[in-house]
Amino acid sequence: MRTSIATVSLSGPLTEKLTAAARAGFDGVEIFENDLLAAPLPPEDIRALCADLGLSIDLYQPMRDIEAVPADVFARNLRRAEHKFRVMRRLGADTLLVCSSVSPLARDDDALAAEQLARLADRAAESGIRVAYEALAWGRHVNTYDHAWRIVEAADHPALGTCLDSFHILARGSGPKDLAGIEDIPGDKIFFLQLADAPKLAMDVLQWSRHYRCFPGQGDLDVAGLLRHVLRAGYRGPLSLEVFNDVFRQAEAGPAAVDALRSLLTLREAVGEANLPAPVVPTGVAFAELVTPDIAPATELLTALGFTRTGRHRGKPVDLWEQGEARILLNTGPAARRDGTVVAAVGLESPDPAGAARRAEALLAPVLPRRRATGDVLLDAVAAPDGTELFFCATDRPGPADWKADFAPTGAEPAACAVRRIDHLALTQPWHQFDEASLFHRGVLGLDAQGSVDVADPYGLLRSRAFSTADGAVRFALGVGPGPADAHDRAQHIALATDDVVAAARRFRAAGGRLLAVPGNYHDDLAARHAFAPGELETYRDLGILYDEDDHGTFLHCYTRTVGRVFFELVQRDGGYRGYGAANTPVRLAAQHDTVGVAAR
Ligand SMILES: O=C(O)c1ccc(O)c(O)c1
Ligand SMILES: [Mg+2]
């Protein structure tokens, strides 16, 4: 199945868009008219460039406001069309997209629309061009795919077909019954298929379409379900992405094009049209690796949290700290001097590390060298979109290579302490890579996505979305700020699971650790909303413990101070609570901004 992408989906001048699409591996492009108008190259040169890049020009688009108009207006429209046919001949493009009219001049008259589209198709055919008629969800009279198809069917012209666009169809809330009608369209009359997803947003459909479309798998629409119908109808043309998105317009075209192709790969897999290595769902977090130039504060923090230094890497300045099944690597090597204190890598316990890496590679994730240095254990690893290195590993299991073999034991035994394991990792994404990260964590890692939530920071709104395994053994909470200028909250954190957060927090404080102070107003409000046992709330107030509950259970959590970009959270989930305390995040963020709040208690 051929893959294509509309130039409007990528940033930059036309030549950059084309180069990015070709490099990522697309077979073709839809040329968006404005991109051509703004290009310094004549159509012949664009045609030659596409040929050099190995790209076909699958569609020229859009032509607007053509049909169902008075005769004199239609005569002018045909003149406009003739000009476009000339451009298309010079480009070597043979399909023109015509979208349903939004003009106040258009009449609600299907017979007239059909007659005029047939006349347009006649003229197009003289130039060897086909016309694909698409219903815009906000078209004046024609705004559903079946209405557009009825007009095309009535026109009955070999050079006229329809273009289906998943956004316009799904944005109107079309259910399974409405979609089944797609299979009544003869496959060869579906001249083109445009694919886009979008997050569910309650807003005007035109604004939604022009600003919030995203690649399939990144939003909430059932694009795969729609594609199944289109394929059953017999459509064999390209799968083409047409995404209008404010962020993608600003993001680098190269990575966006790779992300786009990854989306098509997972979509094809979802409809049984791609043979990718199966997802290997991780079963736990083997470790989190911090790089830090500040060895003293990081060591103090880990010690106070109850970790013990149990190993030293045989070849690098990296220490292994353990407590229960929580493992932290502390790396003070060269990367630390470059990046400050950050979460640089995550080890994911994998039932099949090599298989997980094969899937990641098939989905275009950058694969990292398996051996870093002579003598190191061979480890499968890939880079996540934000650059975090993800290791697919085995811990204390017979069979696959054990990453721990790279560490010489210090002889110290981990103390039996409060922390059991890593509960979740909260990683801040670069502002333009949030959707890419969504697709990556779902498609590449095989995690389930929760809905995204907005949380207020004193200096802006953050978006957060969780990705986890069904049993919660692996949890990521990915966050993003509102834009490039708002990199104020780049903190990341590692949440540690405990069965008794009060004991863990007390132990931490007794060992010299500093907990994030939470404003008294927060606890006053908690008292109004929930009933606590006598003294309970005072304990939470004293330790800076926050409280949340969901349909399943309750959540108690508190925070350490921040070293570089990293802090820790202690969490106690009871009764199967599934969230991350998002309701408390604004309070936490404000407290972290408030320097008084992070002072010693
Ligand atoms: O927003 C638009 O105008 C527009 C143009 C062409 C399309 O294919 C489309 O889906 C939307
Ligand atoms: Mg479209």
Side-chain angles (χ1 to χ4, degrees), residues 3-10 14 17 28-38 57-67 77 80-81 84 87-88 93 95-104 106 117 120 129-149 151-152 160-172 174 179 182 185 190-198 201 203-216 219 221 223 226-227 230 235 237-249 260 263-264 267:
T3 56
S4 190
I5 184 165
T7 54
V8 73
S9 318
L10 299 170
L14 183 58
K17 294 171 189 258
V29 288
E30 300 176 27
I31 297 221
F32 200 65
E33 186 166 67
N34 284 357
D35 285 322
L36 178 114
L37 301 187
I57 299 179
D58 297 326
L59 191 78
Y60 184 67
Q61 70 127 324
M63 175 141 195
R64 303 179 190 275
D65 299 334
I66 296 269
E67 77 285 17
N77 289 352
R80 265 200 297 140
K84 289 193 205 285
V87 170
M88 289 175 67
T95 307
L96 171 68
L97 178 86
V98 167
C99 41
S100 61
S101 182
V102 300
S103 165
L117 286 171
L120 176 74
I129 287 169
R130 312 189 307 165
V131 173
Y133 183 53
E134 171 191 30
L136 295 180
W138 56 90
R140 191 169 176 86
H141 303 295
V142 178
N143 41 43
T144 59
Y145 81 87
D146 47 320
H147 193 178
W149 162 239
I151 291 172
V152 168
L160 181 68
T162 189
C163 166
L164 299 178
D165 179 320
S166 66
F167 178 86
H168 295 298
I169 299 172
L170 297 171
R172 296 184 56 96
S174 304
L179 296 183
I182 291 173
I185 308 175
I190 304 173
F191 281 5
F192 210 73
L193 174 64
Q194 295 176 317
L195 297 167
D197 198 345
L201 295 168
M203 70 189 299
D204 171 69
V205 71
L206 185 146
Q207 297 300 331
W208 189 20
S209 175
R210 295 254 172 97
H211 302 280
Y212 297 97
R213 287 189 184 207
C214 54
F215 297 125
L221 303 180
V223 184
L226 179 131
L227 178 56
V230 180
Y235 175 75
L239 302 185
S240 189
L241 296 165
E242 189 201 36
V243 167
F244 305 84
N245 180 295
D246 293 358
V247 174
F248 297 170
R249 278 179 195 275
S263 132
L264 278 188
L267 186 65

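For ligands, and for the atoms within them, numbers begin at 1 and follow the listed sequence.
Two residues are said to be in side-chain contact when any heavy atoms from C-beta on lie closer than 4.5 Å; Trp138 and Ser100 fail this criterion. Put simply, the side chain of Asp165 reaches to within 4.5 Å of the side chain of Arg213, judged on heavy atoms. Using a 4.5 Å cut-off on side-chain heavy atoms (C-beta onward), Phe32 and Pro62 make contact. With contacts defined as side-chain heavy-atom distances shorter than 4.5 Å, the pair Leu193/Leu227 qualifies.
Residue Tyr212 qualifies as open at atom OH: its count of foreign heavy atoms under 6.0 Å is 12 or below.
The pair Asp65-Arg80 fails the salt-bridge criterion, with no side-chain N (NZ, NE, NH1 or NH2) lying under 4.0 Å from an Asp/Glu carboxylate O.
Listed by chain and residue number, the protein N/O/S atoms under 2.8 Å of the Mg ion (ligand 2) are Glu134 OE2, Asp165 OD2, Gln194 OE1, Glu242 OE1, with waters left out.
Taking the ring centroids of Phe248 and Phe215, they lie under the 6.0 Å cut-off.
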Please give the N or O to N or O pairs under 3.5 Å between ligand 1 and the protein, distances rounded to 0.1 Å.
residue  : atom   : partner : partner atom : Å
ligand 1 : 1 (O)  : Arg210  : NE           : 2.6
ligand 1 : 1 (O)  : Arg210  : NH2          : 3.3
ligand 1 : 3 (O)  : Arg64   : NH1          : 2.6
ligand 1 : 3 (O)  : Arg64   : NH2          : 3.1
ligand 1 : 3 (O)  : Arg210  : NH2          : 2.8
ligand 1 : 8 (O)  : Glu134  : OE1          : 2.7
ligand 1 : 8 (O)  : Glu134  : OE2          : 3.2
ligand 1 : 8 (O)  : Gln194  : OE1          : 3.1
ligand 1 : 8 (O)  : Glu242  : OE1          : 3.2
ligand 1 : 8 (O)  : Glu242  : OE2          : 2.6
ligand 1 : 10 (O) : Glu134  : OE2          : 3.1
ligand 1 : 10 (O) : Asp165  : OD2          : 2.9
ligand 1 : 10 (O) : His168  : NE2          : 2.6
ligand 1 : 10 (O) : Arg213  : NH2          : 3.1
ligand 1 : 10 (O) : Glu242  : OE1          : 2.9

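With no hydrogens or angles considered, no side-chain donor-acceptor pair links Glu134 and Gln61 at under 3.5 Å.
Looking at Ser166, its side chain does come within 3.5 Å of a backbone N or O of Ala196 through a donor-acceptor pair.
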